[in-house]
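Note that the structure is predicted; figures quoted are calculated from it, not measured. Residue numbers start from 1 in every chain, and the chains themselves are labelled A, B, ... in the order their sequence lines are given, proteins ahead of strands.
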Number of protein chains: 2
Amino acid sequence: MTVPARLPPLSEMSEALLFQGLDSIALKRIFGVAVESSMRASETLFHQGDEANRLYLVVSGVVKLSQVTANGTSHVLRLMSAGDIIGCVAVFNCCPYPATAFVEEDAILISWAEPQFRRLMEDHPDLTANALRLVGARTQEFVTRLGEINGATAEQKIARAVLRLARQAGVKETNGVRVGTTRQDLADMSGITYFTVSRIVSNWKRLGLVEADRREVLIKQPHALLLLSEGN
Amino acid sequence: MTVPARLPPLSEMSEALLFQGLDSIALKRIFGVAVESSMRASETLFHQGDEANRLYLVVSGVVKLSQVTANGTSHVLRLMSAGDIIGCVAVFNCCPYPATAFVEEDAILISWAEPQFRRLMEDHPDLTANALRLVGARTQEFVTRLGEINGATAEQKIARAVLRLARQAGVKETNGVRVGTTRQDLADMSGITYFTVSRIVSNWKRLGLVEADRREVLIKQPHALLLLSEGN
DNA sequence: CGCTTATTTGAAGCCCCTCAAGCAATGTGG
DNA sequence: CCACATTGCTTGAGGGGCTTCAAATAAGCG
């Protein structure tokens, strides 16, 4: 349910990595052909396999990227929040969206039609160069995760997943950082069952490292989790 | 032991994805500042953490990219063969090489100094665009692998690793496809121990799916392995 | 209140890791 | 050409971490 709205504030979003180093004329042109839309939680931006016809920039809110693999299991790739670009690989590479984008928390997005953004990249080489850096960083992130999985225990994986979520979509509170997530999502991010997640999170509760209710985890001792994630 | 040699044959290497769509003038300039070198098996192109000062294009031979993770285990990211680009993410992103490049089979390489290649990208936007596609494809590959790991048995993982190797660096023979690899490498690609690899490969031998000697595997029934990799 | 969704907990079992030992192929030096 | 070390591979036994299956509890929602 994308609802076109007023032009977004240039000054805010032009800070996104994708637009670094571009002059105000270029920025004006880029944002001139952009569309702003707002989406409610539980809506879907696009499904895995859809034709990649738009590139999105997250202004606010949280969007979950998840993927269904050949064996039928689904796993969470990443949570996207303010400043993140969604759909870059698919749009730059002319392939279907490789993942599903699901709105976790009410979000405001700016988007561009694929052919238009391609034109913009042709006319502004800096934009292409920025995109290259961005995709490169993404690659590194996934390669790192590939390595982290090796030989890690379930507890390490979950600790990492929780901390990653806290970084990407956590809310600071007086007694810690609150993360909105289900045990199932944590399991899908870590490649383990939600039974194991539940057992381990319960244990953390007992130790006072976190508080955890249905659909959320409050991290009380981030440092302790960090130590756990690195294997004590 | 890099040995500068004659200028490489343009007609051959300009087919690499990185150079698609570039006119002969651009190609002449690009290859004009390139350096050809040949390396023997067991030599190292660069180590993980080294400053990324060169971009390599593989003309022939096989180069193994491997990474040591925080927990001390090493894992094989990929084998690179003719047409593959090595060091792209690091050079494009101005960060140290994230992996070590080890020559598995005698190789001939063409390489560019980092600042020079950066200049080339500035002057030839198509080159940047190609690089973006290339890195994007690489990202997808790793994301796919992240998903495949979930819920896969050791046998599935090894089957996939062997097939991937066959694709990336296999040699067709009369009775199958020969892959030069140790059990240890297969283990490092799959995130399992080489004991388990040995047990499973031995079992495949017993079933007649492969022949396997020290440092090599001959795939006799690729289709059977493919089925295994997908979980029967 | 029922119905669905999210979570907890237990018990059984299997897959894979760990550790230990031995074998075969390949060098290497005398 | 043999002695010996090294490297790569195989095989066994034991144990543990995680999955699977089953069941119960609790929270949200019409």
Side-chain angles (χ1 to χ4, degrees), chain A residues 41-42 64 71-76 102 104 149-162 165 178-207 210-218 228-229 231-232, chain B residues 40-42 64 69 71-76 102 104 149-162 165 178-207 210-218 228-229 231-232:
Chain A
S42 301
K64 176 175 78 179
N71 59 47
T73 65
S74 116
H75 67 135
V76 176
F102 176 87
E104 283 272 314
I149 289 176
N150 276 16
T153 65
E155 183 163 44
Q156 288 174 300
K157 291 182 197 170
I158 300 170
R160 268 198 273 262
V162 169
L165 284 183
R178 184 170 303 277
V179 180
T181 181
T182 62
R183 308 286 181 277
Q184 180 68 62
D185 270 355
L186 285 175
D188 288 344
M189 292 184 72
S190 318
I192 55 188
T193 62
Y194 66 89
F195 302 103
T196 304
V197 174
S198 173
R199 274 180 252 269
I200 288 172
V201 171
S202 293
N203 195 43
W204 288 349
K205 265 198 283 190
R206 239 165 276 133
L207 296 170
V210 302
E211 282 173 19
D213 282 320
R214 136 188 284 243
R215 290 183 145 282
E216 70 177 22
V217 175
L218 177 78
L228 278 180
S229 77
N232 303 339
Chain B
R40 315 284 302 182
S42 301
K64 176 176 77 179
T69 57
N71 60 46
T73 64
S74 116
H75 66 134
V76 177
F102 176 87
E104 282 271 315
I149 289 175
N150 276 15
T153 64
E155 183 163 43
Q156 288 175 300
K157 291 182 195 170
I158 300 169
R160 269 197 274 261
V162 169
L165 284 182
R178 184 170 304 276
V179 180
T181 181
T182 63
R183 307 288 182 276
Q184 180 69 61
D185 271 355
L186 286 175
D188 288 345
M189 291 184 73
S190 320
I192 55 190
T193 61
Y194 67 89
F195 302 103
T196 303
V197 175
S198 173
R199 274 181 250 268
I200 288 172
V201 172
S202 293
N203 194 43
W204 289 349
K205 264 199 284 192
R206 241 166 274 133
L207 296 171
V210 303
E211 282 173 18
D213 281 320
R214 124 188 294 240
R215 293 183 143 281
E216 67 176 25
V217 175
L218 177 78
L228 278 180
S229 76
N232 305 338

Taking the side chain as every heavy atom from C-beta outward, state whether A/T181 and A/V162 have any pair of such atoms under 4.5 Å apart.
no
Partner set under side-chain hydrogen bond (donor to acceptor under 3.5 Å, both in side chains) for B/T73, not counting sequence neighbours:
B/T69, B/N71
Remember a base hit wins even if backbone is also touched, and classify A/K205 as base, sugar-phosphate or nothing at under 4.0 Å, heavy atoms.
sugar-phosphate
Which pair of non-hydrogen atoms, one from B/V210 and one from B/V201, has the smallest distance, and what is that distance?
CG2-O, 4.2 Å
Sorted by chain and residue number, the side-chain hydrogen bond (donor to acceptor under 3.5 Å, both in side chains) partners of B/D188 (sequence neighbours excluded) come out as B/Q184
Sorted by chain and number, sequence neighbours left out, side-chain hydrogen bond (donor to acceptor under 3.5 Å, both in side chains) with A/T193 holds for A/T196
Reckon B/R183 touches a base, only the sugar-phosphate, or nothing at all at heavy-atom distances under 4.0 Å?
sugar-phosphate
Boundaries of the chain A footprint along DNA chain C (any atom under 4.0 Å from a heavy atom):
C/dT5 to C/dA11
Tell me the closest heavy-atom pair linking A/R183 and A/S198, and the distance in Å.
CD-CA, 4.4 Å
Where A/G151 and A/Q156 come nearest, the two heavy atoms and their spacing
O-OE1, 4.1 Å
Using side-chain contact (heavy atoms from CB on, under 4.5 Å) as the criterion, list what pairs up with A/R215, not counting sequence neighbours.
A/T182
Under the salt bridge (Lys or Arg N to Asp or Glu O under 4.0 Å) test, residues paired with A/R160 that sit two or more places apart
A/E148
Sorted by chain and residue number, the side-chain hydrogen bond (donor to acceptor under 3.5 Å, both in side chains) partners of B/D185 (sequence neighbours excluded) come out as B/K64
Could you identify which residues of residues 192-200 of chain A place a heavy atom less than 4.0 Å from some atom of DNA chain D, listed by residue number, or say none?
A/I192, A/T193, A/F195, A/T196, A/R199
From the 5' end of DNA chain D to its 3' end, which nucleotides mark the outer limits of contact with chain A, defined by a 4.0 Å heavy-atom distance cut-off (strictly under)?
D/dC18 to D/dG28
Heavy-atom pair of closest approach, residues B/E104 and B/A41
O-CB, 3.5 Å
Applying side-chain contact (heavy atoms from CB on, under 4.5 Å), can you list everything that pairs with B/I149, at least two apart in sequence or on another chain?
A/L146, A/I149, B/K157
Bend of the helix from C/dC1-D/dG30 to C/dG30-D/dC1 from end-axis comparison, five pairs per end, nearest 10°, comes to 40°
I'd like to check the side-chain contact (heavy atoms from CB on, under 4.5 Å) partners of B/E155; sequence neighbours left out, ordered by chain and number.
B/T153, B/I200, B/W204, B/L228
